[in-house]
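Chain A is the first sequence line, chain B the second, and so forth, proteins listed ahead of strands; every chain is numbered from 1.
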Amino acid sequence: MIKQDIYLYNSLTEKKEIFRPLNAPHVDIYVCGPTVYDYVHLGNMRPVVVFDTLRRFLESQNYSVKFVSNYTDVDDKIINRAISEQTDTKTISDRFIAIFEANLHAVNALVPTVTPRATAYVPKMIEFIGELVDKGFAYVKDGNVYFRVTKIKDYGKLANVNVSELIVGARIEENINKENPIDFILWKKSDDILNWNSPWSKGRPGWHTECVVMINEVFKKPKIDIHGGGFDLKFPHHENEIAQAEAHSDSLLANYWLHNGFVNLNDEKMAKSTGNIITAQDFLEEHDGNILRLILLSTHYRAPLNLKEDVINLAKTEILKIQRALISANLIVDFNQLVPQESPLFSKFINFLSDDLNTPNALSVIYEGVKELNIAVRNNDIDETSMLAFTIIKMLRILGLEKIVRVITDEDHKLYQEYNLARANKDFAKSDKIRDELIKRGLM
RNA sequence: GCUUCCAUAGCCAAGUGGUAAGGCCAUUGACUGCAACUCAAUUACCGUCGGUUCGAAUCCGGCUGGAAGCUCCA
């Protein structure tokens with residue numbers, strides 16, 4: 001039973017639309033994953049957290065989600081790295097996939113239903129490209145295959161770019177092989193260390209083709225519900241995916257195109273080219289993954305997010321605030337026996353998430369709950385405490401922040417009771433000693 | 001050059017036509033054996049100029065400042 005209407009901002013139409021899956025309650029989501037040639041940086045973690053949260057939210061609303069995120073393991077950068085390290089590309093890919101997956105785990109992202117690797121689908125890509133050639137949407141030149149963009153009448157509809165202006169824009173590299181400067185490559189002739197035989201040449205597929213084919217193959221259909229990724233992928237990557245899907249299957253590939261904003265570092269774009277980056281690995285070695293997750297959810301997913309020291313400290317403080325409230329609640333109610341009853345706050349929370357995944361507002365509901373919980377605990381209102389704790393934990397789980405909930409042991413309970421007893425007996429020397437221990441355990 | 005987007009308190013950040021959510025910080029008070037925690041109270045006319053409107057942070061236009069895309073990129 002689906003609970004209520006959900007609105008999502010669709011980049012394709014540039015407006016919020018009511019979300020209607022093609023085959024409810026099933027939802028198909030594809031998110032462009034990383035090219036696995038190096039450590040990912042914090043910017044790469046944004047789509048991970050955003051779309052994982054979308055998935056969790058949809059599942060909480062009783063949708064059954066097939067969540068697919070690929071690994072691009074066919075790429076010049078991987079080849080170059082493999083050559084410079086005198087190894088093969090698979091070694092490089094495997095290494096950085098493992099690191100990336102550890103990063104995903106650290107931010108408590110659910111494991112995707114499927115994580116296809118481009119290398120596993122190359123024969124299908126060759127087949128796909130062949131069909132485009134047969135249909136006249138692609139042409140072969142010197143062993144390379146290019147997509148004939150002019151065959152797509154409204155090319156540019158996603159990124160809102162104009163073909164003639166693009167050409168005038170002149171930053172497109174001159175390539176005399178192409179019929180048109182904006183045509184993009186589907187098959188690249190190459191005898192590098194990573195290549196496949198094709199009817200046109202020994203070579204490898206183009207990046208834009210990889211995603212389309214993986215979507216077609218993994219979902220076994222030409223059109224899915226949601227396609228996500230960073231803003232920068234809108235053009236040309238997603239635009240070109242759409243063009244190929246239209247040519248191949250007369251489909252726009254996905255009904256809803258979602259794009260997350262960028263992460264800036266100290267007011268500058270986070271980019272490897274300028275060296276202004278923090279790798280996810282480095283950040284997560286220094287800070288808890290929940291901190292990163294909270295930071296990424298504290299700003300609406302489409303807005304830019306500026307990372308700096310203050311923001312990290314703020315996230316730490318906020319997590320502590322939630323933790324403290326739940327600990328004090330846990331000291332008077334058993335979390336294993338919470339009455340499964342939701343506070344009215346819960347529907348407010350869901351309403352915010354239903355409005356284009358407004359996580360900042362959703363978080364504000366959690367803080368509201370925290371305040372109510374603190375009051376309930378102080379009043380020793382067991383029923384209210386139980387209900388609020390249940391509700392807050394449920395909300396945290398939907399945001400993927402449930403790991404911040406501390407587990408209180410029997411020993412902790414006992415210690416706390418001793419503390420209260422000592423205070424009641426005005427044995428302050430003893431109570432202060434216990435207090436130190438409680439603080440040490442993070443319980444006060 | 002072309003195309004988009006953004007500009008809300010010391011900081012983070014919602015709100016997109018009816019007189020500014022939430023959090024951090026700060027100040028004051030309550031609670032406390034002292035403290036911490038917690039609770040309560042206080043703190044913004046929304047970059048700027050002009051227009052539309054009974055009414056605008058919210059719509060339109062100019063200006064200033066900033067960002068992104070047009071090339072690999074989350």
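Listed in residue order, the members of residues 419-429 of chain A having a heavy atom less than 4.0 Å from RNA chain B are A:Tyr419, A:Arg423, A:Phe428. Residues from residues 87-103 of chain A that place a heavy atom under 4.0 Å from any atom of RNA chain B: there are none. Residues of residues 283-299 of chain A that place a heavy atom closer than 4.0 Å to RNA chain B, in numerical order, are A:Ser298, A:Thr299.
Base contact: A:Gly43 has a heavy atom under 4.0 Å from a base atom. Residue-level contact check: A:Ser431 touches the bases, meaning some heavy atom is under 4.0 Å from a base atom. Among the protein residues, A:Phe262 comes within range of the nucleic acid bases, having at least one heavy atom under 4.0 Å from a base atom. Nucleic acid contact class of A:Val48 (heavy atoms, under 4.0 Å, all strands): none. Among the heavy atoms of the strands, none lies under 4.0 Å from A:Met45.
Applying the 3.5 Å distance criterion, the base of B:A36 shares no donor-acceptor pair with the side chain of A:Arg435. Within 3.5 Å, a donor on the side chain of A:Asp432 pairs with an acceptor on the base of B:G33, or the reverse.
When the C1' atom of B:C24 is taken as reference, atom CD of A:Glu309 falls 15 Å away, rounded to whole Å. One interatomic measurement links the two molecules: NZ of A:Lys316 to C1' of B:C12, which rounds to 15 Å at whole-angstrom precision. In this structure, CG of A:Asn306 is placed 7 Å from P of B:A13, rounded to the nearest angstrom. Regarding A:Ile434, its CD1 atom lies at a distance of 15 Å from the C1' atom of B:G33, rounded to whole Å. Distance A:Asn361 CG to B:A21 C1': 7 Å, rounded to the nearest Å. Between the CG atom of A:Leu305 and the P atom of B:C12 there is a distance of 11 Å, rounded to whole Å. The separation between A:Lys348 atom NZ and B:G15 atom P is 14 Å, rounded to whole Å. Spacing between atom OH of A:Tyr71 and atom C1' of B:A74 amounts to 14 Å, rounded to whole angstrom units.
In this model, a donor atom of one side chain and an acceptor atom of the other lie less than 3.5 Å apart for A:Asp88 and A:Thr91. A donor-acceptor contact closer than 3.5 angstrom links the side chains of A:His259 and A:His238. A donor atom on one side chain and an acceptor atom on the other are not found under 3.5 Å apart for A:His413 and A:Asp410. In summary, the side chains of A:Asn70 and A:Glu210 do not present any donor paired with an acceptor at a separation below 3.5 Å, with no hydrogens or angles considered. Remark: the A:Thr279 side chain and the A:Asp282 side chain contain an N/O donor-acceptor pair separated by less than 3.5 Å. Using modelled atom types and a 3.5 Å distance limit, the side chains of A:Asp183 and A:Tyr139 yield a donor-acceptor pair.
Taking the salt bridge (charged side-chain N to carboxylate O under 4.0 Å, His left out) definition, one finds that A:Asp52 meets it with A:Arg56, A:Arg293, sequence neighbours left out. Looking at residues two or more places apart in sequence or on another chain, you find a side-chain contact (heavy atoms from CB on, under 4.5 Å) between A:Pro34 and A:Val36, A:Val40, A:Tyr71, A:Phe100. With sequence neighbours excluded, the residues satisfying side-chain contact (heavy atoms from CB on, under 4.5 Å) with A:Arg423 are A:Tyr419, A:Asn420, A:Ser431. Taking the side-chain contact (heavy atoms from CB on, under 4.5 Å) definition, one finds that A:Asn351 meets it with A:Gln4, sequence neighbours left out. For A:Val111, the side-chain contact (heavy atoms from CB on, under 4.5 Å) test picks out no residue, with sequence neighbours left out. Here A:His300 pairs with A:Asp356 under the side-chain hydrogen bond (donor to acceptor under 3.5 Å, both in side chains) rule; sequence neighbours left out.
Of all nucleotides listed (B:A14, B:C12, B:A74), B:A14 comes nearest to the side chain of A:His300. The side chain of A:Ser364 lies closest to B:G22, out of B:A74, B:G15, B:G22. Listed nucleotides: B:A74, B:A21, B:A14. Nearest to the side chain of A:Asn358: B:A14. When distances are taken from the side chain of A:Leu314 to each of B:A74, B:A14, B:G23, the shortest belongs to B:G23. Between B:A74, B:C72, B:G22, one nucleotide has an atom nearer to the side chain of A:Tyr367 than all others, and that is B:G22.
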Report all side-chain donor-acceptor pairs from residues 375-384 of chain A shorter than 3.5 Å, counting only partners two or more places apart or in another chain.
residue, atom, partner, partner atom, Å
A:Asn379, ND2, A:Ile375, O, 3.4
A:Asp381, OD1, A:Asp383, N, 3.4
A:Asp381, OD1, A:Glu384, N, 3.1

Listed pairs under 3.5 Å, donor-acceptor, residues 304-316 of chain A side chains, sequence neighbours left out:
residue, atom, partner, partner atom, Å
A:Asn306, OD1, A:Asp267, N, 2.7
A:Asn306, ND2, A:Asp267, OD1, 2.8
A:Asn313, ND2, A:Glu309, O, 3.4

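A cation-pi arrangement is not found for A:Lys16 relative to A:Tyr7, the charged atom failing to lie both closer than 6.0 Å to the ring centre and inside a 45° cone about the ring normal. At least one cation-pi condition fails for A:Arg46 and A:Phe262: the charged atom is not both under 6.0 angstrom from the six-membered ring centre and inside a 45 degree cone around its axis.
With the nearest nucleotide of RNA chain B identified for both A:Tyr301 and A:Thr317, A:Tyr301 has the one nearer the 5' end. Residue order along RNA chain B, read from the 5' end via each residue's closest nucleotide, puts A:Ala159 first among A:Ala159 and A:Pro304.
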Give me the distances for all protein-to-nucleotides 38-41 of chain B N/O pairs that come in under 3.5 Å?
residue, atom, partner, partner atom, Å
B:U38, O3', A:Asn374, ND2, 3.0
B:U38, O2, A:Arg378, NH1, 3.4
B:C39, OP1, A:Asn374, ND2, 3.3
B:C39, O4', A:Arg378, NH2, 3.4
B:C39, O2', A:Arg378, NH2, 3.2
B:A40, OP2, A:Lys371, NZ, 3.3

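B:A30 and B:A21 have their C1' atoms separated by 26 Å, with the value rounded to a whole Å. Comparing B:U58 with B:G18, their C1' atoms are spaced 11 Å from each other, to the whole Å.
Of the nucleotides present, B:G1 is the one that pairs with B:C70 by Watson-Crick or G-U wobble criteria, both distances under 3.5 Å.
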